[in-house]
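Written below as structure tokens is the structure these notes are about.
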There are 2 protein chains.
Amino acid sequence: MNSSRKKEWHTGAAFLLSQLGAHVAETFGRRIVHLGITRPHAGILRFIANNPASNQLGLAKRLGVLPSRMVILIDELAAKGLVERKRSIRDRRHSELVLTTKGERTLQKLRKIGAQHEADLLAGLTRKEREQLAALGRKIVHHQGLIPEVHPGFRKLGQC
Amino acid sequence: MNSSRKKEWHTGAAFLLSQLGAHVAETFGRRIVHLGITRPHAGILRFIANNPASNQLGLAKRLGVLPSRMVILIDELAAKGLVERKRSIRDRRHSELVLTTKGERTLQKLRKIGAQHEADLLAGLTRKEREQLAALGRKIVHHQGLIPEVHPGFRKLGQC
DNA sequence: TATTGTTATACTCTATAACTATA
DNA sequence: TATAGTTATAGAGTATAACAATA
């Protein structure tokens, strides 16, 4: 409270990014809770929409989630009628994942929510600053070897 | 894999921040694992250094961690000889938390690791870009009502 | 009676590995 | 034998609430 002694660490960009990232993730999670899904679910819906007929294991590998966990996540999406498993005809071991009509509608809602979320997050920045931020972010993502569109927070291999 | 259909979502700043934040947190966690502590531990050490003689409940409230979890975290830090609980003389219910000499040394190591972590993260940016990023980040932190220096990711109230 | 800290426990989540079916 | 998917289970981690000590 009363730390008049100001020898504190200067908050660097790394801490800021981590702090903001956790905040963004948390608030987004709260924004979609009424849809009955969690952030990983939302990420999967989005991924399936962008990559139709993905199979579970490919999805799991791409998103860094364990196959056994992916089964549960897809089960939950299927139980909500958002996703369907279609057995592949050519190789009946594969299930091709497709969005149902309800899943498409949910995705539309997610897009609206995401847009609003983004608008609120950046409300304090000018248009130019927003572009700067996005450009800097993409630059780091690229330099760090991260896969665009793939969120590393879905996997939970011990949180170190 | 072969999604030639490019009607994909444009990755906005919110997703970028969340993605980068998770990446930053994960890599930092890996960098400190050899010290035998986790990110929440590091955050607590840092906080105690900046706010000496904090008590557990204040710390828990400030960091958004449940009191029962804070007990465990402090237990672990105490077991490693990094932190000591000193019963307050004026109110014997309080324990004032202080870093041991070993705790101070660990904090020094954390600072070095943090600096290297930051350097690697920003390696692809010019000096000016780094300043831009930090300024933008601080601006958002302020506008979002986040408490500087306090990481919201330590609490785990269901991940939504 | 309120507050600080602690313990106990139930619960959830995750990871490992075994298993089925297809190839 | 290898791969996609699933199930079972043990372990870790978290939240709730009860509790002891002090005020």
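Proteins get letters first, then strands, A, B, ... in listed order; numbering begins at 1 in each.
- When rounded to the nearest whole Å, the span between CD of B/E76 and C1' of C/dT6 equals 15 Å.
- The side chain of A/H94 has D/dG5 as its nearest neighbour among D/dG5, D/dT16, C/dT4.
- Closest to the A/R69 side chain, of the nucleotides C/dT14, D/dT7, D/dA15, is C/dT14.
- Between the P atom of D/dG13 and the CG atom of B/L73 lies a distance of 11 Å, rounded to the nearest Å.
- The residue A/S95 sits close only to the backbone: its heavy atoms come under 4.0 Å of sugar-phosphate atoms, none of a base.
- Between A/P67 and B/S88, the residue whose closest nucleotide on DNA chain D is further toward the 5' end is A/P67.
- Under 4.0 Å is where a charged nitrogen must lie from a carboxylate oxygen, and between B/E76 and B/K80 no such pair does.
- Side chain of B/Q56, nearest nucleotide from D/dT7, D/dG5, C/dG5: C/dG5.
- Judged by distance alone, with hydrogens and angles left aside, A/S68 brings a side-chain donor or acceptor within reach of the base of C/dT16, the pair sitting under 3.5 Å.
- Which of C/dT7, D/dG5, D/dT22 sits closest to the side chain of B/R93 comes down to D/dT22.
- Remark: P of D/dA2 and CG of A/L57 are 16 Å apart, rounded to the nearest angstrom.
- Under the 4.0 Å criterion applied to side-chain N and carboxylate O atoms, A/R30 and A/E26 are assigned as salt-bridge partners.
- The CD1-P distance, from A/I89 to C/dA21, rounds to 21 Å in whole Å.
- The separation between A/L66 atom CG and D/dT7 atom P is 16 Å, rounded to whole Å.
- Here D/dT6 presents its P atom at 11 Å from CE of A/M70, a figure rounded to the nearest Å.
- Atom P of nucleotide C/dA23 and atom CG of A/D91 are separated by 6 Å, given to the nearest angstrom.
- The distance from atom CD of B/E96 to atom P of C/dG5 is 10 Å, rounded to the nearest whole Å.
- The phosphate of D/dT6 (OP1 or OP2) has a side-chain N or O of A/R85 nearer than 4.0 angstrom.
- A salt bridge between A/R85 and A/E96 is absent, with no side-chain N of the basic residue lying under 4.0 Å from a carboxylate O of the acidic one.
- Using cut-offs of 30° and 60° for the angle between ring planes, the B/F15 and A/H151 rings count as perpendicular.
- With respect to the salt-bridge test (charged N to carboxylate O, under 4.0 angstrom), the residues B/E149 and B/R46 qualify.
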